[in-house]
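This report concerns only the one structure given below.
The structure presented is a predicted model; accordingly, all values stated were derived computationally and were not measured.
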Amino acid sequence: GFANIKDFPEDFDIKENIGDDLNDCNRCGDIQNAWEEMYWVGEECEETNIILDGYTAVCDTCYGELKKIREVRDEEL
């Protein structure tokens with residue numbers, strides 16, 4: 001299962017209390033492996049940066065949702 005940052009105190013530090021390889025999704029708050037289960041702005045191709053639409057880091061699920069939203073926008077243009 002997944003843990004969500006919203007389930008922890010506001011000042012909870014994931015890296016300090018759980019592990020250095022984890023981070024929370026900026027969109028949904030799910031805690032994920034930072035390097036294997038997340039997309040980061042500036043770490044991927046330019047298309048990914050556009051899809052992230054202002055988020056710094058998102059989980060795989062949110063990335064898929066943002067990608068679909070972007071595809072619908074592009075079709076409407």
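Residues N23 and W40 are in side-chain contact: their nearest non-hydrogen atoms beyond the backbone lie under 4.5 Å apart.
In this structure, M38 CE and N26 CG are separated by 6.0 Å, a value rounded to the nearest 0.5 Å. Here the straight-line distance linking atom CG of N4 with atom CD of Q32 works out to 9.5 Å at 0.5 Å rounding.
Screening residues 38-48 for salt bridge (charged side-chain N to carboxylate O under 4.0 Å, His left out) gives no qualifying pairs among residues at least two apart or on separate chains.
The cluster map of Ile, Leu, Val, Met, Phe, Trp and Tyr, joined by side-chain heavy atoms under 4.5 Å apart, puts W35 and L22 in different clusters.
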Only distances under 3.5 Å count here; give the side-chain donor-acceptor pairs of residues 58-75 to other protein atoms, sequence neighbours excluded, each with its distance to 0.1 Å.
unit_1	atom_1	unit_2	atom_2	d
Y63	OH	T48	OG1	3.4
E65	OE1	R27	NH1	2.5

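Of all heavy-atom pairs between I31 and F8, the closest is CD1-CE1, 3.6 Å.
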